Amino acid sequence: MTLVPDDRLLEGLNPQQREAVLYRGQSLLIVAGAGSGKTSVLTRRIAGLLQTREAWPSQVLAITFTNKAAAEMRERVGALIGREEAEGMWISTFHSACVRILRREAENFGFTKSFTIYDSADSRALIKRIIKELDADTLGFTVSGVAGKISKAKNELSDVESYARGANFNDPNEAGFVEIFRRYTESLARANAFDFDDLIAQTVYLFRAFPAVAALYQRRFRHILVDEYQDTNHAQYALIRELTRGIAPEHVPADTRMATSADGGIPGASLTVVGDSDQSIYAFRGADIRNIVEFERDFPNSRVILLEQNYRSTQNILDAANAVISNNFDRKDKKLFTTIGSGDKIIGFTGYSGHDEAQFVADEIQKLHDEGVAYKDIAVFYRTNAQTRALEEIFIRSALPYRVLGGTKFYERAEIKDAMAYLITVANPFDPLALRRVMNVPKRGIGPATEAALQSYADANQVTLRDAMRDASLLGLGPKVTGAITGLAQILDEVSATAGTAKVSDILVTLLQRTGFIEALRASRDPQDEARAENVEELVSVTKEFQRNNPEGTLLDFLTEVSLVAAADDLDDSSGTVSLMTLHTAKGLEYEAVFLTGVEEGLLPHQMSASEVGGPAEERRLFYVGITRARRRLFLSLAMTRAQFGEVNVAMPSRYLQEIPADLIEWKQSPGDATSRGGTQPRALNARRPQFSYASSFSELPAAPPRVKTEWANRVTNTVRDNGDLTLAAGDRIRHVDFGDGRVTAVTGAGPKSVAEVQFDTAGRKRLLIKIAPIEKL
DNA sequence: GTGACACCTATTTTT
DNA sequence: TAGGTGTCAC
């Protein structure tokens with residue numbers, strides 16, 4: 001046995017990285033600038049611990065930000081030291097790790113292991129119900145306001161009781177909130193459910209209330225590593241503290257084979273955290289930057305290692321990033337550098353509208369692709385999800401293969417939620433939220449009145465809604481409804497009985513068939529229901545896929561996995577498509593070429609951030625994160641006007657643009673040029689366009705961009721059309737609404753997906769999806 | 001209980 | 001714009 005890992009683990013590392021891999025001590029903070037190879041360092045550090053037998057795999061707990069990052073880390077450690085050698089490590093997100101612990105331990109405090117995880121939508125639905133019950137909306141309580149406050153409290157480890165202790169009950173707002181919070185907590189407990197924030201907070205409570213349980217995990221995890229430490233919130237911090245606490249002698253089993261300290265206890269686990277306070281972008285979700293800033297104070301005798309050399313981007317990109325972030329005061333100075341060379345200049349572009357901007361992005365992507373950059377190495381970032389609309393429209397028209405990350409819309413579809421609610425009901429019979437959702441799907445004649453009758457029976461007899469359904473015959477309802485209710489209850493009970501053992505897809509198919517769910521969709525004359533039926537079938541495929549990957553996986557495992565997927569998790573490296581995502585989702589990723597769109601006041605920084613403490617600084621970090629994702633090519637774009645809520649507003653360049661040294665950016669079309677270009681934009685706008693030039697727009701940024709309503713609001717977005725069976729062949733002349741006349745040079749693909757390559761007389765070469773492009777044959 | 005329709009309002013980021 | 005809510009007739 002040797003304590004020095006073999007050379008392969010240290011190969012190609014710089015001295016700081018090397019030290020970060022080799023350091024052995026109780027606590028280590030690795031301050032890792034963007035692109036400084038921290039994943040590499042982390043994986044090699046873990047691999048080293050295992051290789052030297054300082055740790056067994058089961059003694060390692062590594063926390064990552066997304067499931068995808070976890071999978072990648074597992075893979076990379078496996079590649080370094082052998083897959084079997086690496087088995088048994090816990091590498092997961094905070095939430096997944098806590099679910100794993102809670103499923104084992106929930107019975108300690110009144111939950112069953114089949115608890116439901118309420119996602120934000122579920123939480124909001126419950127809060128909405130409570131607000132309605134209490135008529136609290138008349139007092140000014142909103143769902144989002146209450147949800148935010150509850151989440152914040154839980155992230156600070158404050159439950160209703162402790163919150164109430166500090167509350168001022170003379171203030172009706174305060175008193176009302178406490179009442180809602182109390183009912184919310186009770187409802188969750190009755191439903192055998194945890195919300196996202198509970199997963200962390202309840203695990204902390206569990207450890208604090210049951211030291212023997214805590215000791216189990218403290219003994220097990222001897223090496224804890226946390227990535228993206230700057231984005232941990234207080235609850236997560238507390239969890240780490242609990243896990244790394246030493247074990248008191250009375251909780252050490254007599255037959256322990258572990259080294260004990262003088263008093264017979266066991267010292268705490270070693271802790272490695274990796275982070276970069278410049279990339280902290282989740283304060284809005286409770287992330288507390290102090291966790292990383294005060295690490296050295298929290299964990300005395302800790303070592304701090306700085307990684308500043310960047311292996312990802314060109315110097316121009318890094319210079320821009322450094323320049324921007326240096327405007328945040330109150331930060332430790334850190335400058336990224338590289339030996340790659342300065343590289344291409346950053347390209348800037350100002351469009352007239354979001355569509356114009358999107359067209360620029362599409363054109364440049366096409367050019368990059370022609371130069372040999374694969375689509376999968378290109379990403380488009382934006383601040384808000386709403387910005388995808390214009391991008392998608394243009395991308396579809398240009399026949400660009402793309403995929404939108406996040407907005408995991410599949411699971412948000414009503415029919416999928418319904419089908420999932422069936423699964424949840426079967427797994428957790430205590431959950432009324434899921435049951436209520438499916439009670440009348442497909443239509444069984446169980447309306448609000450019947451539901452209320454069931455609910456009051458349940459309340460009066462202190463039983464669950466599910467129990468009440470079994471007793472429906474006692475309620476004096478009509479025979480038809482009664483039959484429908486007891487029939488459903490019976491199906492659910494029978495399927496529930498198999499939930500622990502049966503295959504997930506079998507459970508789902510049985511439910512869909514026996515409840516008549518799928519049949520109702522197929523029999524419907526609403527054409528949309530056909531698509532819905534297909535979606536539900538897609539869900540069946542998803543369960544089958546899940547079972548293939550997890551032969552032992554239970555229904556609970558499936559439900560957990562679905563609840564905890566992160567936006568970045570559905571990134572598929574083999575997809576061959578351009579990736580579209582929010583700046584938040586982009587964290588931790590990197591691309592050959594990056595398009596950062598909507599660099600405008602009001603969007604980046606976002607309007608909403610202006611009123612928040614630290615808002616503008618956090619937005620700047622977001623911009624910084626976006627810039628540093630790019631390896632070689634960076635495009636910054638904005639639009640002069642942006643359609644929003646059916647209105648068109650004038651937008652101003654973002655203040656952050658002027659923080660980038662001018663010589664780093666080459667403007668293809670600067671905000672100044674954009675005001676004077678003639679051409680395709682409507683006259684109405686031309687006439688009233690405010691005259692601001694590039695230079696002056698920076699020196700006199702208004703606090704909020706002026707809102708100008710124009711009459712062509714609807715014109716731009718109404719572009720999706722159908723050319724029917726229009727067929728084109730090379731050589732045809734066509735006319736395009738925006739690009740004018742051109743000649744078709746090639747046609748590829750078939751049917752509705754055929755694409756024409758067109759050389760326009762003035763607008764250059766474009767690819768167009770024939771079916772929907774605004775073109776006519778000449 | 002259901003479905004159609006009109007009206008109103010809320011718009012950041014996410015595990 | 002779009003989604004959610006409320007009202008009304010059947």
Side-chain angles (χ1 to χ4, degrees), chain A residues 63-70 92-99 117-121 123-125 128 132 137 142-145 147-148 151 154-155 194-201 228 231-233 235-236 280-287 381-387 389-390 405-408 412 414 440 442-452 477-478 480-481 484 526 560-569 581-587 598 602-612 615 618-619 621-623 625-626 643-649 713-714 716-718:
Chain A
I63 301 288
T64 57
F65 204 67
T66 62
N67 296 299
K68 180 170 183 284
S92 71
T93 62
F94 269 108
H95 289 83
S96 304
C98 287
V99 170
I117 301 165
Y118 277 14
D119 65 19
S120 335
S123 299
R124 296 171 70 94
K128 192 170 176 182
K132 222 172 191 168
D137 46 347
T142 63
V143 174
S144 54
S151 173
K154 290 188 177 185
N155 285 332
F194 294 115
D195 66 20
F196 275 141
D197 302 312
D198 280 338
L199 295 177
I200 316 288
E228 308 285 6
D231 281 322
T232 51
N233 60 34
Q236 291 165 334
S280 156
I281 54 174
Y282 281 101
F284 73 92
R285 191 169 97 184
F381 302 157
Y382 37 83
R383 176 67 236 267
T384 69
N385 284 116
Q387 288 167 256
R389 251 173 238 151
L405 271 78
T408 325
E412 282 163 22
N440 203 27
K443 301 250 176 307
R444 302 186 172 90
I446 310 177
T450 310
E451 190 196 302
L477 298 163
K480 232 171 121 187
V481 199
D526 181 348
T560 305
E561 189 174 300
V562 171
S563 326
L564 297 181
V565 286
D569 289 338
M581 70 192 86
T582 65
L583 282 164
H584 284 87
T585 302
K587 191 174 77 156
L603 215 44
L604 188 70
H606 196 277
Q607 261 155 356
M608 294 298 184
S609 71
S611 54
E612 285 159 23
E618 176 146 317
E619 298 284 306
R621 291 195 291 269
L622 203 46
F623 187 46
V625 165
Q644 214 184 178
F645 322 136
E647 272 182 18
V648 173
N649 297 311
N714 300 320
V716 214
T717 48
N718 260 340

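Naming convention: chains lettered A, B, ... in sequence-line order (proteins, then strands); numbering from 1 in each chain. What you see is a predicted model; the values in this text were computed from it and never measured. Just the heavy atoms: all of them, side chains too, but no hydrogens, waters or symmetry mates, feed the values below.
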A:M581 CE to B:dT12 P, straight-line distance once rounded to whole Å: 21 Å
Nearest-nucleotide comparison on DNA chain B, the residue closer to the 5′ end among A:T582 and A:G445: A:G445
Centroid distance under 5.5 Å and plane angle under 30°, A:F284 vs B:dT12: no
Euclidean distance, atom CG of residue A:N385 to atom C1' of C:dA2 [Å, nearest integer]: 15 Å
Sugar-phosphate, base or nothing in reach of A:A449, heavy atoms under 4.0 Å: sugar-phosphate
Touch class at under 4.0 angstrom, heavy-atom based, for A:N440 against every strand present: sugar-phosphate
Euclidean distance, atom CZ of residue A:R285 to atom P of B:dT13 [Å, nearest integer]: 13 Å
Interatomic distance, A:E412 CD vs C:dG3 P [rounded to whole Å]: 11 Å
Side chain A:S120 and base B:dT15 donor-acceptor under 3.5 Å: yes
Donor-acceptor pair between A:S96 and A:T93 side chains, under 3.5 angstrom: yes
Spacing of A:H606 atom NE2 relative to B:dT12 atom P, expressed in whole Å: 6 Å
5' priority, DNA chain B, between A:R383 and A:T450 [closest heavy atom]: A:T450
Spacing between A:R124 atom CZ and B:dT11 atom C1', to the nearest angstrom: 11 Å
A:T66, A:D231, A:T582, A:L622 screened by side chain to side chain contact (heavy atoms under 4.5 Å, CB included) with A:K587, the one that passes: A:D231
Whole angstrom value for the distance that separates P of B:dT13 from CZ of A:F623: 19 Å
Spacing between A:N67 atom CG and B:dT14 atom P, to the nearest angstrom: 15 Å
